[in-house]
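One structure below.
Numbering starts at 1 and runs along the sequence shown.
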Amino acid sequence: MKQDVSSLVAQAREGRPRAVARLISLVEGASPQLREVMAALAPLTGNAYVIGLTGPPGVGKSTTTSALVGAYRRQGRRVGVLAVDPSSPFSGGALLGDRVRMSDHASDAGVYIRSMATRGHLGGLAWAAPQAIRVLDAAGCDVILVETVGVGQSEVEIAAQADTSVVLLAPGMGDGIQAAKAGILEIGDVYVVNKADRDGADATARELNHMLGLGEARRPGDWRPPIVRTVASRGEGIDEVVEALEKHKGWMDERGVLVDRRRERAAKEIEVIAVTALRERLADVHGGQRVRVLSLAERVLAGELDAYAAADEVTRALASG
């Protein structure tokens, strides 16, 4: 059923959750109206502060996200949450229910919470996340929290989607080694040692501080990621996390880093959309028999043609339309 996009956008701007939900559903479902939706939203975006939260499984990302929502709401800010969960192998939908995990905010009209399925997408982010972020931005959210599923080494993709990336660790989980493996020490703007009431919290913070200093080549005035200790389940240390986030945003604003990050984010999104379109055209070429890709493959296997020459034939067919 075709939606009235202009009406949905107007309702979303008024803070109506059903309209926001429908717009995100159009995005997730790659609706034929997706381009119309994005064109309508484009002039209304660029105001929200996007914060990404990532880290190994079990560190308390959802609890920390919920606590941050509460802190920002106390400041009177509207908050959007995109919680990216594992996909069900049967339905493709999200397995975990963040409306349950963040039930304290479910009835708050100033909070919009959406679970999104990764649908097998590497990096812990649903492919539609950039567009969903844009929907929440246009709907008037001041802060958007993007919580990624902890999937190990590929979770670093959050850095490409967020203005500020928060990396969560916890004592007693081997997170120091995991952090080094995943490369998340390279992408964090703020580090949080959650469950700091546990034994080993001091050691985790020391190890993290040491690892952040290894090979450090910062110039005067460069941002040095702070390490904040929290017990998110009790709300302890959350105000300090918010303070660190605001300091980072101020530093980015002052030095033009925020604009640069958003430009890079837009450039990557353009590339992804363009490559996806080319892949779809390639599939059409294959299906329409305009270029016999399988025949080319047989010639490559027979040594009659090299793979680069075969690829050139395919790209010439794409260019000719």
Side-chain angles (χ1 to χ4, degrees), residues 26-35 37-39 52 54 56-57 84-95 116-134 146 148-162 165 177-187 215 217 260-321:
L26 290 175
V27 166
E28 279 194 292
S31 165
Q33 292 180 276
L34 180 56
R35 290 177 181 271
V37 170
M38 289 300 107
T54 190
V84 185
D85 285 332
S87 297
S88 163
F90 303 104
S91 67
L95 287 174
M116 296 183 70
T118 58
R119 302 180 191 272
H121 185 68
L122 292 177
L125 282 178
W127 72 272
Q131 289 82 18
I133 289 170
R134 193 169 283 113
V146 183
T148 66
V149 56
V151 293
Q153 295 186 22
S154 57
E155 67 197 339
V156 297
E157 190 172 313
I158 183 58
Q161 302 298 336
S165 294
I177 297 173
Q178 178 63 28
K181 281 185 179 179
I184 55 178
L185 292 179
E186 299 174 3
I187 63 121
D260 290 342
R261 287 192 174 191
R262 290 180 174 178
R263 184 185 300 112
E264 285 299 314
R265 192 158 74 216
K268 182 177 180 181
E269 185 180 358
I270 292 168
E271 290 172 6
V272 168
I273 293 171
V275 169
T276 299
L278 287 173
R279 284 176 177 165
E280 290 173 353
R281 288 188 62 190
L282 180 59
D284 289 341
V285 165
H286 191 302
Q289 300 298 315
R290 287 184 288 161
V291 173
R292 299 182 180 277
V293 177
L294 292 178
S295 296
L296 289 170
E298 289 177 2
R299 292 178 62 191
V300 169
L301 288 175
E304 300 173 5
L305 196 67
D306 68 85
Y308 286 94
D312 287 342
E313 287 200 30
V314 174
T315 54
R316 279 195 293 271
L318 291 173
S320 65

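- We find the CZ-OG distance between Arg261 and Ser165 to be 6.5 Å, quoted to the nearest 0.5 Å.
- For Leu278, the side chain to side chain contact (heavy atoms under 4.5 Å, CB included) criterion is met by no residue, not counting sequence neighbours.
- At most 12 heavy atoms of other shown residues, nucleotides or ligands fall within 6.0 angstrom of atom CZ in Arg35.
- Leu294 contributes atom CG, which lies 10.5 Å from atom CG of Leu301 (distance to the nearest 0.5 angstrom).
- For the pair Arg134 and Glu269, the salt-bridge criterion is met [side-chain N within less than 4.0 Å of a carboxylate O].
- Residues meeting the side chain to side chain contact (heavy atoms under 4.5 Å, CB included) test with Ala309, sequence neighbours left out: Leu305, Asp306.
- Put simply, the side chain of Thr148 does not reach to within 4.5 Å of the side chain of Gln161, judged on heavy atoms.
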Check the pair Leu34, Val27 against side chain to side chain contact (heavy atoms under 4.5 Å, CB included), reporting the backbone distance first and the verdict last. CA-CA 6 Å; Leu34 180 56; Val27 166; 3.8 Å; yes
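- Counting heavy atoms from C-beta outward, Val146 and Thr54 have side chains that stay 4.5 Å or more apart.
- Across every non-hydrogen atom of Ala162 and Gly52, the tightest pair is CB-N, 3.4 Å.
- Minimum interatomic distance between Ala310 and Leu296 (heavy atoms only, all atoms of both residues): O-CD1, 3.9 Å.
- Counting heavy atoms from C-beta on, the side chains of Ile273 and Gln131 come closer than 4.5 Å.
- Listed by chain and residue number, Arg299, Ala302 satisfy the side chain to side chain contact (heavy atoms under 4.5 Å, CB included) test with Glu304 (two or more places apart in sequence, or in another chain).
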